[in-house]
Number of protein chains: 2
Amino acid sequence: MKSKQADQSRNTLLQAAFCEIHRKGYQAASIANILQDTGLTKGALYHHFPTKQSLGLAVVKEVIGENLAKLLCDPIRQSEDPVEALLYLISHIDRKVAPDFVMLGCPLNNLMQEMSALDPEFKASLNGILKRWRDTVEWALITGQKRGDIRSDVDAKSAALFIVSAWEGCIGIAKNMQSNSAFKSCMKQLHSYVMSLCVK
Amino acid sequence: MKSKQADQSRNTLLQAAFCEIHRKGYQAASIANILQDTGLTKGALYHHFPTKQSLGLAVVKEVIGENLAKLLCDPIRQSEDPVEALLYLISHIDRKVAPDFVMLGCPLNNLMQEMSALDPEFKASLNGILKRWRDTVEWALITGQKRGDIRSDVDAKSAALFIVSAWEGCIGIAKNMQSNSAFKSCMKQLHSYVMSLCVK
DNA sequence: TATAATATATACCGACCGGTATGGATCCGT
DNA sequence: ACGGATCCATACCGGTCGGTATATATTATA
């Protein structure tokens with residue numbers, strides 16, 4: 001049996017770690033800073049997570065992965081017209097996330113860029129999340145083909161890979177420019193790319 | 001008058017710093033590691049660069065900026081058919097860079113993701129490099145419109161922003177997947193996007 | 001060649017890092 | 001209510017970090 005209080009502490013730590021990592025990156029994220037935000041101490045942290053790496057991986061799986069699934073995958077998979085749902089997400093994603101998300105970048109992409117070449121465990125975990133997203137987009141395109149919305153000559157797998165890549169690229173560039181309008185302009189072009197996959 | 005030997009030392013340090021930063025990122029890049037590669041010591045480094053930040057900024061400006069200009073901007077600006085040059089670069093960029101570039105990612109994008117939200121000087125310098133690239137692509141599209149290759153209803157500025165964003169996105173995702181073939185597949189889609197801007 | 005300026009090496013510093021050891025508080029099944 | 005497990009706080013450790021002070025070697029100038 002596990003106590004409610006302990007679970008709450010674990011959650012508090014996860015959330016604070018997510019914020020610190022989102023702002024500074026994983027390597028620059030300081031255990032001391034994370035703890036300062038929570039009011040807890042090292043005793044609590046190292047009780048729930050044996051190492052900083054395990055904390056980071058838990059953030060990836062339980063916070064970033066979950067959020068991305070809820071934000072992007074679920075709406076597409078639950079829609080009767082997945083392509084329309086995808087296009088809607090591309091157009092309106094900026095309204096569905098916190099305003100500082102463009103400034104801080106996509107948590108998934110940030111960590112991929114930082115950690116994939118350094119730590120195979122991070123790479124594997126991040127890749128899993130990415131693949132789920134890619135597969136969802138691919139599924140939307142294939143479903144669109146079956147419904148007659150997407151041209152049959154479109155290679156769904158390649159197109160899905162590109163959509164996800166360009167998406168992350170748009171956030172990344174907008175983050176560097178610290179410009180919300182650049183992000184919207186960029187996503188508009190992605191929208192028109194997806195439209196170009198549709199039957200006339 | 002400056003000595004040849006001193007300039008060479010400075011260059012050695014810059015190059016070693018670039019490699020270390022490319023592999024680990026700026027924050028995780030260790031002064032000690034950089035020096036170990038060069039055979040020089042802190043005395044030399046801190047004679048040429050007052051701080052780690054100034055070393056990083058010099059790497060951005062003198063190594064990354066120069067390389068990107070030579071690799072991407074110059075071929076487009078010097079071509080009589082800039083759109084063709086752009087398409088050629090998109091198709092063949094993987095042959096023009098070291099084989100580990102896909103594995104380590106684009107040095108410019110890596111630093112943008114890591115540093116833009118943390119350090120305004122890095123942000124400004126990286127943004128300058130990015131803008132030069134964006135402007136080059138925009139110029140290629142506008143020139144293409146004048147030549148009748150690109151549709152006149154294309155918003156060159158937005159399209160250029162998207163092309164650069166998607167480009168970096170492709171490298172980023174391929175880096176995470178550690179897959180050269182994914183990169184090529186992704187760039188192929190970018191190629192078809194640019195083709196979709198051309199007159200039939 | 002004497003001298004001043006430049007260039008590099010070495011030893012050292014305080015700050016911060018992730019991690020550990022240990023003791024106390026709290027909860028929980030019996 | 002008692003004993004054991006879970007949960008958390010405190011103090012501390014070795015190591016690494018960027019940076020500095022200083023002495024020495026090299027080079028440029030006169």
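Treat the numbers as computed from the prediction; the structure is a model and nothing was measured. Throughout, a chain's letter reflects where its sequence line sits, starting with A, and its residues are numbered from 1.
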Subject >> OP1 or OP2 of C:dT8 under 4.0 Å from side-chain N/O of B:H48 >> reply: yes
Original post:
Are side-chain N/O atoms of A:E114 and B:Q113 paired as donor and acceptor at under 3.5 Å?
Top reply: no
**OP:** Pick base, sugar-phosphate or nothing for B:A29, based on heavy-atom distances below 4.0 Å to the nucleic acid.
**Re:** sugar-phosphate
**OP:** Find the distance A:I34:CD1 to C:dG18:P and express it as a whole number of Å.
**Re:** 8 Å
Original post:
Is the cationic atom of B:K188 (NZ for Lys, CZ for Arg) positioned less than 6.0 Å from the six-membered ring centroid of B:F183 and within 45 degrees of its normal?
Top reply: no
**OP:** Quickly work out the B:N11 CG to C:dA7 P distance and round it to whole Å.
**Re:** 14 Å
Subject >> Whole angstrom value for the distance that separates P of C:dT20 from NZ of A:K52 >> reply: 15 Å
**OP:** Please state how far atom CD in B:Q8 lies from atom P in D:dT27, giving the value in whole angstrom units.
**Re:** 12 Å
Original post:
What is the distance from CG of B:L45 to C1' of D:dT20, rounded to the nearest Å?
Top reply: 13 Å
Original post:
Mapping A:I31 and B:H47 to their closest nucleotides on DNA chain C, which lands nearer the 5' end?
Top reply: B:H47
Original post:
For the pair made of CG in B:L55 and P in D:dC17, what is the distance, rounded to whole Å?
Top reply: 15 Å
**OP:** Using a strict 4.0 Å threshold on nitrogen-to-oxygen distance, state whether A:D100 and A:R23 make a salt bridge.
**Re:** yes
Original post:
So, B:E62 and B:R10, do they make that salt bridge, N to O below 4.0 Å?
Top reply: yes
**OP:** Would you tell me if any nitrogen or oxygen in the side chain of B:T41 comes within less than 4.0 Å of OP1 or OP2 on C:dT8?
**Re:** no
**OP:** State whether the distance check finds a donor on one side and an acceptor on the other, under 3.5 Å, for side chain A:K42 versus base C:dG18.
**Re:** yes
Original post:
Would one find a side-chain N or O of A:T51 under 4.0 angstrom from OP1 or OP2 of C:dG19?
Top reply: no
**OP:** Tell me which of B:Y46 and A:S30 sits closer to the 5' end of DNA chain C, going by the nucleotide each one is nearest to.
**Re:** B:Y46
Original post:
Checking all strands, does A:L40 fall into the base, sugar-phosphate, or nothing category for heavy-atom contacts under 4.0 angstrom?
Top reply: sugar-phosphate
**OP:** Take the protein atom CG of B:L13 and the nucleotide atom C1' of C:dT8, then report the distance between them rounded to whole Å.
**Re:** 11 Å
Original post:
For the pair made of CG in A:L35 and C1' in C:dC17, what is the distance, rounded to whole Å?
Top reply: 13 Å
Original post:
Ring centroid separation for B:Y193 and B:F162, is it under 6.0 angstrom?
Top reply: yes
